[in-house]
Amino acid sequence: MTLLVVSNRLPFTVSSRDHKLVFHASPGGLVSGLTAYLEWARQDPSRTDYLWVGWPGIEVEEGSRELLRTKAAKQKASPVFLDADTMKKFYQGFCNSTIWPLFHYFPTYAKFREEDWAQYVKVNEAFRDSIVKVYQANDTVWVHDYHLMLLPKLLREKLPDLSIGFFLHTPFPSHDIFRTLPTTWRREILEGILGADLIGFHTIDYTQHFLRCILRILGYEHNFGQVLVDGERTIKIDTFPMGVDYREICNAAKSDDIQEEGRGLRERLGNRKIILSQDRLDYTKGIKHRLEAYSIFLDRHPQWQRKVVLVLSVVPSRLGAEQYEQMKEEIDKLVGSINGKFGTIDWTPIVYRYRFLPYNQLLSLFSISDVALVTPLRDGMNLVAKEYVASKTDQKGVLILSEMKGASRELGEALIINPNDTSEIVDAIKTALEMPEAEQVRRNQAMQTRLERYDVIKWGQDFMGKLQSIKQQQKKFSAKLLDAATREKMIRDYDTSQNRILFLDYDGTLSPFKARPETAVPEKTLLAVLNALSEDPRNNLVIISGRNRSLLQDWFGSLNLGIVAEHGAWIRQKGKDWVPTIKVESNWKEKVRPTLRGYEDRLPGSLLEEKEFSLVWHFRAADPELAYVRSKELADELSYFTENTELQVLQGSKSIEVRNVGINKGMAAKLLLSETTFDFVLAMGDDWADEDLFEAIPDQAYSIKVGLAKSYAKFNLRNHREVIQLLTDLYKTGKS
């Protein structure tokens with residue numbers, strides 16, 4: 001098995017120099033973290049090999065592509081070839097002008113341009129095509145980050161059985177923010193991500209935001225993070241806080257080179273307390289806020305002037321973007337202002353570097369810093385905080401951490417602050433500088449133990465283990481799918497039988513669910529298939545539904561078939577009139593109806609349906625989140641109300657029904673089966689009401705659950721389309 005790691009960029013960048021391809025290692029936590037896990041996996045007894053798929057960072061001419069493929073393959077990489085203009089529009093357009101600001105809670109910065117969305121779709125499709133070319137049987141695909149949110153579904157459509165994981169390294173926003181995306185885009189993004197088998201986020205907050213979005217926008221409910229997508233595939237949404245390569249950082253920080261460079265840096269900075277601020281240039285990082293707080297700190301606490309220095313390291317980002325150029329200008333002015341106001345001949349309050357720092361220099365800064373200011377306004381995980389703590393080999397130093405970043409959930413011993421509260425940052429700086437060494441050691445020991453226990457390798461193991469687990473769970477359900485051999489045997493048994501009965505549920509089995517029950521009118525194709533089957537004299541076709549008898553009579557009364565209405569309360573056999581299956585009283589409705597009416601009023605979009613022997617409260621068209629709450633409330637209230645009565649409360653698909661005990665589809669099926677001997681019995685249904693039917697039919701009968709939920713049925717079909725196809729095949733066989 002090969003693990004195909006897919007990200008926007010390869011772990012290296014390619015450039016062209018003197019008509020030759022030159023490779024440069026790519027910086028960043030994603031690359032270093034994933035590489036550590038991937039190399040560990042190769043050494044593990046399972047020996048999982050990997051191939052990294054991504055854009056090489058350059059437009060490659062057709063004649064040079066094969067050479068790049070060959071060179072990249074030696075580094076376990078596979079390039080996706082896209083022209084530079086497309087990638088620029090993709091990266092600077094939808095990725096960073098729409099998704100980045102929205103997902104980081106800067107909606108006023110977001111732009112919604114159709115041409116940007118078109119490029120986003122185009123690039124995701126190009127990645128799909130590249131993966132399909134290199135994919136081999138039993139490979140696993142692990143898609144990373146917001147650039148490729150459409151990719152899982154695009155791959156699923158091409159390779160239905162592919163094992164796909166998706167991990168988002170940014171925050172996932174609340175529903176109120178996410179829904180500002182145009183309707184089509186937001187649905188396609190969610191559906192794209194749901195193409196994966198396992199979806200991972202850094203924090204429980206982001207996981208819950210995603211679950212809420214798929215509930216409110218797509219109507220998908222979850223059960224402890226498990227979601228049944230389209231009734232066909234169970235997937236898992238979970239939280240996996242990414243770690244760092246703790247041991248590697250510790251060992252590197254102890255090395256002579258790092259220690260020597262650190263001593264040199266401290267000598268140049270003087271015998272002062274060192275505060276480190278290390279960030280990429282981005283409006284989400286809160287650099288301006290922390291500079292303003294530092295200025296106020298020096299003003300409020302003059303005793304610290306000349307005794308502290310802020311090392312401000314800013315890494316260039318998205319060069320050429322107007323917003324970022326303006327931000328750089330503001331930072332430059334603010335640094336100059338602070339240094340001009342507080343600086344002296346022998347002391348510069350801020351040492352400012354605007355350039356990329358090599359890994360060794362960054363570790364040296366970590367090791368000598370007394371305080372680290374990691375205070376983004378919003379961030380996914382931000383591994384800088386974890387790297388800082390891991391590098392403190394003497395366990396001295398204080399981390400000031402924003403509560404708006406993922407790492408704050410794990411590094412609770414840090415000084416947690418609100419990055420928008422300047423006074424809080426000021427107080428945290430003072431507390432950090434004055435914290436006793438014993439307290440520093442206590443806090444860092446606790447955080448280091450946690451980081452060592454759940455490092456990036458454990459993170460990768462955890463994710464891939466969960467992915468394997470969900471695939472095994474899917475296989476258990478798939479094992480009951482009606483396979484080709486069973487299907488052929490069923491058709492043969494049908495063909496050779498002389499007296500057949502077919503029990504067919506309607507909603508969710510013969511027809512998809514609709515927002516309002518009355519709109520689920522049978523399609524012409526379905527009616528044609530049912531009519532053809534019912535005309536065979538050997539067939540006794542029975543529509544067995546929870547619908548009321550008048551509606552079923554309107555829809556199917558002209559066909560030569562039997563109908564069971566209200567889950568078995570009424571039966572109309574072929575050529576006969578409607579008769580009730582048992583005699584029951586319905587005067588209980590007067591007591592229950594007001595309760596259901598009350599909930600109909602409390603949940604806009606819900607409706608009360610009254611049948612002769614039952615009352616049904618439907619909420620498919622209602623707000624899904626409020627419906628979830630109200631349905632639980634109503635179910636509890638009704639269960640208490642109907643206790644010790646001849647009534648039962650049954651929860652269906654977006655409905656709650658109250659009816660008399662003793663009425664169910666199984667009872668109706670037994671009545672029909674008792675009247676004659678059938679040598680072929682088939683029952684198909686999709687929900688809880690059909691379980692009574694599956695239990696009631698003979699052991700040798702064929703029972704099929706539509707959808708992949710657990711069931712007494714022997715087999716499963718994925719959806720109503722497969723049901724129609726099976727019935728069509730039976731009809732054609734009988735006809736021949």
Side-chain angles (χ1 to χ4, degrees), residues 2-17 20-44 47-60 64-65 67-82 84 87 90-91 95 123-124 126-127 130-131 133-135 139-148 151 165-170 200 240 242-245 248-249 252 280 315-318 356-360 362-363 380-384 386-387 455-457 459-461 463-464:
T2 299
L3 176 60
L4 303 180
V5 176
V6 188
S7 64
N8 173 46
R9 297 287 291 269
L10 288 172
F12 52 80
T13 299
V14 179
S15 63
S16 180
R17 189 181 303 162
K20 292 183 179 179
L21 298 175
V22 182
F23 288 58
H24 313 273
S26 296
L30 174 62
V31 170
S32 60
L34 273 175
T35 300
Y37 166 72
L38 295 171
E39 290 302 320
W40 171 87
R42 289 185 65 209
Q43 306 303 320
D44 189 63
R47 297 200 175 276
T48 301
D49 207 354
Y50 71 89
L51 183 70
W52 200 310
V53 181
W55 190 55
I58 187 176
E59 182 176 342
V60 182
S64 302
R65 291 184 177 182
L67 175 62
L68 178 55
R69 281 194 192 97
T70 303
K71 285 191 171 185
K74 294 177 182 178
Q75 298 193 39
K76 297 193 173 298
S78 177
V80 177
F81 296 111
L82 286 158
M87 282 304 291
F90 160 75
Y91 186 72
C95 289
V123 170
N124 274 257
F127 269 76
S130 295
I131 293 167
K133 288 177 183 176
V134 299
Y135 163 82
D139 283 353
T140 295
V141 174
W142 193 1
V143 181
H144 289 269
D145 230 358
Y146 65 101
H147 313 85
L148 301 170
L151 183 57
F166 176 84
F167 196 91
L168 185 69
H169 292 272
T170 68
F240 305 88
M242 187 176 184
V244 294
D245 192 350
E248 194 278 333
I249 293 173
R280 183 168 56 81
V315 179
S317 174
R318 295 163 192 159
F356 168 72
L357 281 183
Y359 183 63
N360 282 359
L362 185 59
L363 271 186
M381 174 52 69
N382 192 312
L383 297 177
V384 170
K386 293 186 175 184
E387 291 169 346
D455 62 2
V456 71
I457 293 172
W459 170 79
Q461 290 175 316
F463 188 92
M464 298 311 297

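For clarity, every value in this text was computed on a predicted model and none was experimentally measured. These values consider heavy atoms only, across backbone and side chains, with no hydrogens, waters or symmetry-generated copies.
- Applying the side-chain hydrogen bond (donor to acceptor under 3.5 Å, both in side chains) rule to Glu248 yields the partners Tyr359; only residues at least two apart in sequence or on another chain are considered.
- When all heavy atoms of Thr170 and Asp145 are compared, the pair lying nearest together is N-OD1, 3.6 Å.
- How far CZ of Phe90 is from CG of Leu82: 8.5 Å, rounded to the nearest 0.5 Å.
- Atom CG of Asn382 sits about 13.5 Å away from atom NE2 of His169, to the nearest 0.5 Å.
- When every heavy atom of Gly33 is checked against every heavy atom of Val456, the shortest pair comes out as O-CG2, 3.4 Å.
- Distance check: Ser78 OG to Ile131 CD1 gives 9.0 Å after rounding to the nearest 0.5 Å.
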(request) Take Lys386 and Met242, measure what side-chain contact (heavy atoms from CB on, under 4.5 Å) needs, and give me the verdict at the end. (result) CA-CA 10 Å; Lys386 293 186 175 184; Met242 187 176 184; 5.6 Å; no

(message) Show, in sequence, the C-alpha distance, side-chain angles and deciding distance for Leu10 and Phe23, and conclude whether the side-chain contact (heavy atoms from CB on, under 4.5 Å) test is met.
(response) CA-CA 11 Å; Leu10 288 172; Phe23 288 58; over 6 Å; no

(message) Quick one, Ile457 with Gln461, criterion side-chain contact (heavy atoms from CB on, under 4.5 Å). Give me CA distance, side-chain angles, the key distance, then yes/no.
(response) CA-CA 6 Å; Ile457 293 172; Gln461 290 175 316; 4.2 Å; yes

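- When every heavy atom of Leu363 is checked against every heavy atom of Ala252, the shortest pair comes out as CD1-CB, 3.5 Å.
- Residues passing the salt bridge (Lys or Arg N to Asp or Glu O under 4.0 Å) test with Asp245: none are found, sequence neighbours excluded.
- Taking OG of Ser130 as the start and CG of Leu151 as the end, the distance is 10.0 Å to the nearest 0.5 Å.
- Partners of Thr35 by side-chain contact (heavy atoms from CB on, under 4.5 Å), not counting sequence neighbours, listed by chain and number: Val31, Glu39, Trp52.
- Annotation for Val53 and Phe127: closest pair O-CE2, 4.4 Å, computed over non-hydrogen atoms.
- Residues forming a side-chain hydrogen bond (donor to acceptor under 3.5 Å, both in side chains) with Thr13 (at least two apart in sequence, or on another chain): Arg9, Ser26.
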(request) Mind running side-chain contact (heavy atoms from CB on, under 4.5 Å) on Val14 and Phe12 for me, showing each step along the way? (result) CA-CA 7 Å; Val14 179; Phe12 52 80; 3.8 Å; yes

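- Rounding to the nearest 0.5 Å places OG of Ser64 at 9.0 Å from CD1 of Ile58.
- Side-chain contact between Leu4 and Tyr50 is absent, with no heavy-atom pair separated by less than 4.5 Å.
- Asn124 places a side-chain N or O within 3.5 Å of a backbone atom of His147 that can act as its donor or acceptor partner.
- With sequence neighbours left out, the side-chain contact (heavy atoms from CB on, under 4.5 Å) criterion links Leu357 to Gln278, Ser313, Arg353, Arg355, Gln361, Leu362, Leu365.
- Separating the CH2 atom in Trp40 from the OG1 atom in Thr48 is a distance of 8.0 Å, to the nearest 0.5 Å.
- Here the side chain of Asp49 pairs no donor or acceptor atom with the backbone of Thr2 at under 3.5 angstrom.
- Scored by the side-chain contact (heavy atoms from CB on, under 4.5 Å) test, Trp142 finds Leu3, Leu34, Tyr37, His144, Phe167, Trp459, Phe463, Met464 as partners (sequence neighbours excluded).
- With hydrogens and angles disregarded, no donor-acceptor distance shorter than 3.5 Å links the side chain of Arg69 to the backbone of Pro79.
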